[in-house]
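Just follow the structure's listing: the first ligand is 1, and inside any ligand the first atom is 1.
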Amino acid sequence: MRKVMFILTLMLSVMAVQAKTLIVYYSYTNNVHRIVGELSKQIEADVVRIEPAEKGLDYAANNYAIGSAQIAAIRNNPGDASSYPAIDPVNVNLAEYNCIIIAAPLWWSNMASPLQSYLFHNGAAMTGKKIGLIVSSASSGISAVEGDAKRLIPNGDFLAPSLWIRSAQTSNAASMLSEWLKTIKYSDLSGIENISPDGSNPTYTVFNLGGQLLGSNVESLQNLESGVYIVNGKKIYLNN
Ligand SMILES: Cc1cc2nc3c(=O)[nH]c(=O)nc-3n(C[C@H](O)[C@H](O)[C@H](O)COP(=O)(O)O)c2cc1C
């Protein structure tokens, strides 16, 4: 009976440290939408699509005039909330996720404005989380979009490199994504393999992000609040 209880306790602990990923994206002409569709087949993740509050805008009309004006407003005054276009409310609890993948169209070298709006209001809540960035553009390079992401999520733990998929490569997204996931070692982020017990007497050395030792056994995991911890040398999200 004691042994059964111990194994049960162990299983609960291992389940408890399962990591969660959120994909946040915006897409006007659905290239990023297709990319996210492929990504969702390859990883377990919740998905949120950002939508501008104002419907029916043609961002491409008159040589992309509306998109251009929105990007210019942000460039001119990036610290002012009124520079960012309104978006529909987003119902997601960022505290549940330890990895967030941002998938963005590029507009005039920058991140498309509706996605910037979301990050302007929520980037601070992504502190300490793993952040992956995927950018779709017709041809322009993505360094300014990376700059936007880092400005809007100043304390994100960015995964390098970002993934750049040109519009014409959208149909190759599946293979580009699987290569990218290997490059950023996405499978290591779950932490599950790294803390699974390999014997009958597992130890879990648990630190908080401030470097304080919180314990070194199964119980020390079970008694913690949900959040990000360093368990056996790996940063993981503990979902208790
Ligand atoms: C307003 C606007 C501005 C754009 N500016 C650029 C640009 O400067 N350089 C570029 O290579 N592509 C630019 N594009 C093209 C998009 O980055 C590209 O089509 C992307 O795949 C769109 O993703 P989506 O289909 O998910 O909206 C722009 C598109 C729009 C709508």
Problem set entry | Distance-minimising heavy-atom pair for A149 and L133 | CB-CD2, 4.2 Å
For this session: Apply side chain to side chain donor-acceptor pair (under 3.5 Å) to D58 and Y64, showing your working.
Result: CA-CA 8 Å; D58 184 349; Y64 302 99; over 6 Å; no
For this session: For residues Y186 and W180, establish whether the separation of their ring centroids is below 6.0 Å.
Result: no
For this session: Compile the protein residues with any heavy atom at a distance under 4.0 Å from an atom of ligand 1; present them by chain, then by number.
Result: S27, Y28, T29, N30, N31, V32, Y59, Y64, G67, P105, L106, W107, W108, S109, S136, S137, A138, S139, S140, S167
Problem set entry | R49/D88 salt bridge by N-O under 4.0 Å criterion | no
Problem set entry | Under 3.5 Å donor-acceptor, E38 side chain and A173 backbone | no
Exercise. Angle class for the Y84/F120 ring planes (parallel below 30°, perpendicular above 60°, tilted otherwise)?
Worked result: parallel
